[in-house]
**Student:** 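Below are the structure tokens for one structure; questions will follow.
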Amino acid sequence: GEDVEQSLFLSVREGDSSVINCTYTDSSSTYLYWYKQEPGAGLQLLTYIFSNMDMKQDQRLTVLLNKKDKHLSLRIADTQTGDSAIYFCAERLDNTGKLIFGQGTTLQVKP
Amino acid sequence: GAVVSQHPSWVICKSGTSVKIECRSLDFQATTMFWYRQFPKQSLMLMATSNEGSKATYEQGVEKDKFLINHASLTLSTLTVTSAHPEDSSFYICSANDRGNTDTQYFGPGTRLTVL
């Protein structure tokens, strides 16, 4: 069945790079997404990548996709305290728009 | 950018009452809206997919008679929790696909429901 896995926690120092990893099982994914959730808030779309791409960069964010290994990563350069949040990866399987979410990775940024 | 709003942002109700939550796309038309439920420190669980003008499609295990969904227009979907009980207390989040760009799904800020 469909499954998306993430590590639960990551702690980094301010100014370092953060790398959040995600694995998925369904090879028919069309798009893969990264969302950010701050306490008590909804989800903010950070970036997404089409399944036939390997990499996408958007300012401090770099997404890498290894389709063979079904592995997705989000790299945040020069991590700031304001980046502290829960990060969810999600895969979209078909044209219905339905998303399957990972458990979320809590990023803690220490000053 | 695309904005999705939810109302109310939080609600406290007595057991046995019904609660309606609204989800609106403010600056785009949404042919499809989604309703999720999130428990503390957990991921989002898709409850149902709502298409404008048609019946919602519910995920397995979600009671359609308890969670009534109406998608009356291209900018509004509502979720009504009927005869709410304490176990229905949760964070409910809606999202919407932009009709003009279905690649992306935008999320509302969520509604915190507490049933006493």
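Because the structure is a prediction, the values reported are computed rather than measured. Here is how names work: the chains are called A, B, and so on, in the same order as the sequence lines, proteins then strands, and each is numbered from 1.
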**Student:** Do Phe34(B) and Ile21(B) sit in the same hydrophobic cluster, where Ile, Leu, Val, Met, Phe, Trp and Tyr count as joined when their side-chain heavy atoms come under 4.5 Å apart?
**Tutor:**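 No, it is not one cluster - the side chains of Phe34(B) and Ile21(B) are not joined through contacts under 4.5 Å.
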
**Student:** Using modelled atom types only, decide if a donor and an acceptor are shared between the side chain of Gln105(B) and the backbone of Gly97(A) within a distance under 3.5 Å.
**Tutor:**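 Yes.
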
**Student:** Are Val4(B) and Met33(B) linked, directly or through intermediate hydrophobic residues, by side-chain heavy-atom contacts shorter than 4.5 Å (ILVMFWY only)?
**Tutor:**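 Different hydrophobic clusters.
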
**Student:** Looking only at heavy atoms, which two atoms of Gln37(A) and Phe91(B) are closest? And how far apart?
**Tutor:**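 Taking every non-hydrogen atom into account, NE2-CE2, 3.9 Å.
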
**Student:** Under 4.5 Å, heavy atom to heavy atom, which residues of residues 10-24 of chain A contact chain B?
**Tutor:**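 When heavy atoms of chain B are the reference, residues 10-24 of chain A contributes no residue within the under-4.5 Å range.
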
**Student:** Which heavy-atom pair separates Phe88(A) from Gln38(B) by the least distance, and what is that distance?
**Tutor:**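 Taking every non-hydrogen atom into account, CZ-NE2, 3.6 Å.
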
**Student:** Please look at Gln6(B) and chain A and tell me whether the side chain, the backbone, both or neither of the residue comes under 4.5 angstrom of a heavy atom of that chain.
**Tutor:**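 Contact with chain A involves no heavy atom of Gln6(B) at all.
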
**Student:** In this structure, are over 12 heavy atoms from other groups packed under 6.0 Å from His7(B) atom NE2?
**Tutor:**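 Counting neighbours around NE2 of His7(B), 12 or fewer heavy atoms of other residues, nucleotides or ligands fall under 6.0 Å, so no.
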
**Student:** Can you give me the closest heavy-atom contact between Ser43(B) and Phe101(A), atom names plus distance?
**Tutor:**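 In terms of heavy atoms, the two residues are closest at OG-CB, 3.3 Å.
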
**Student:** Hey, any chance Leu64(A) and Ile49(A) share a hydrophobic cluster, counting ILVMFWY side chains that come within less than 4.5 Å of each other, even indirectly?
**Tutor:**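 They do not share one cluster, since no chain of ILVMFWY contacts under 4.5 Å joins Leu64(A) to Ile49(A).
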
**Student:** Quick one: which residues of residues 45-83 of chain B reach chain A at under 4.5 angstrom, heavy atoms only?
**Tutor:**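 Only Leu46(B), Glu59(B) of residues 45-83 of chain B have a heavy atom under 4.5 Å from chain A.
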
**Student:** Distance check, rounded to the nearest 0.5 Å: Leu43(A) atom CG versus Tyr106(B) atom OH?
**Tutor:**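 Rounded to the nearest 0.5 Å, the CG-OH separation comes out at 13.5 Å.
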
**Student:** Return the option, out of Ile93(B), Thr111(B), Leu44(B), with the maximum number of heavy-atom pairs under 4.5 Å with chain A.
**Tutor:**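 It is Leu44(B).
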
**Student:** Under 6.0 Å from the CD atom of Glu87(B), do we count more than 12 heavy atoms belonging to anything else shown?
**Tutor:**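 It does: Glu87(B) CD has more than 12 such atoms within range.
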
**Student:** What are the residues of residues 69-86 of chain A, in order of number, with any heavy atom under 4.5 angstrom from a heavy atom of chain B?
**Tutor:**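 Expected list: none.
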
**Student:** Quick one: do Leu61(A) and Leu107(A) end up in the same hydrophobic cluster if we chain Ile, Leu, Val, Met, Phe, Trp and Tyr together by side-chain heavy atoms under 4.5 Å apart?
**Tutor:**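 Hydrophobic grouping puts Leu61(A) with Leu107(A).
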
**Student:** By a 4.5 Å heavy-atom criterion (distance strictly below it), what part of Ser95(B) contacts chain A: side chain, backbone, both, or neither?
**Tutor:**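 Neither part, no heavy atoms under 4.5 Å.
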
**Student:** Side-chain heavy atoms under 4.5 angstrom apart, residues restricted to Ile, Leu, Val, Met, Phe, Trp, Tyr: same cluster for Val63(A) and Met53(A)?
**Tutor:**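 Same cluster: Val63(A) reaches Met53(A) through Ile, Leu, Val, Met, Phe, Trp or Tyr contacts under 4.5 Å.
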
**Student:** Check step by step if side chain to side chain contact (heavy atoms under 4.5 Å, CB included) holds for Leu45(A) and Phe107(B).
**Tutor:** CA-CA 8 Å; Leu45(A) 176 64; Phe107(B) 283 77; over 6 Å; no

**Student:** Could you pull out all residues at least two apart from Phe50(A) that satisfy ring pair (Phe, Tyr, Trp, His ring centres under 6.0 Å)?
**Tutor:**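 Here the qualifying residues are Tyr31(A).
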
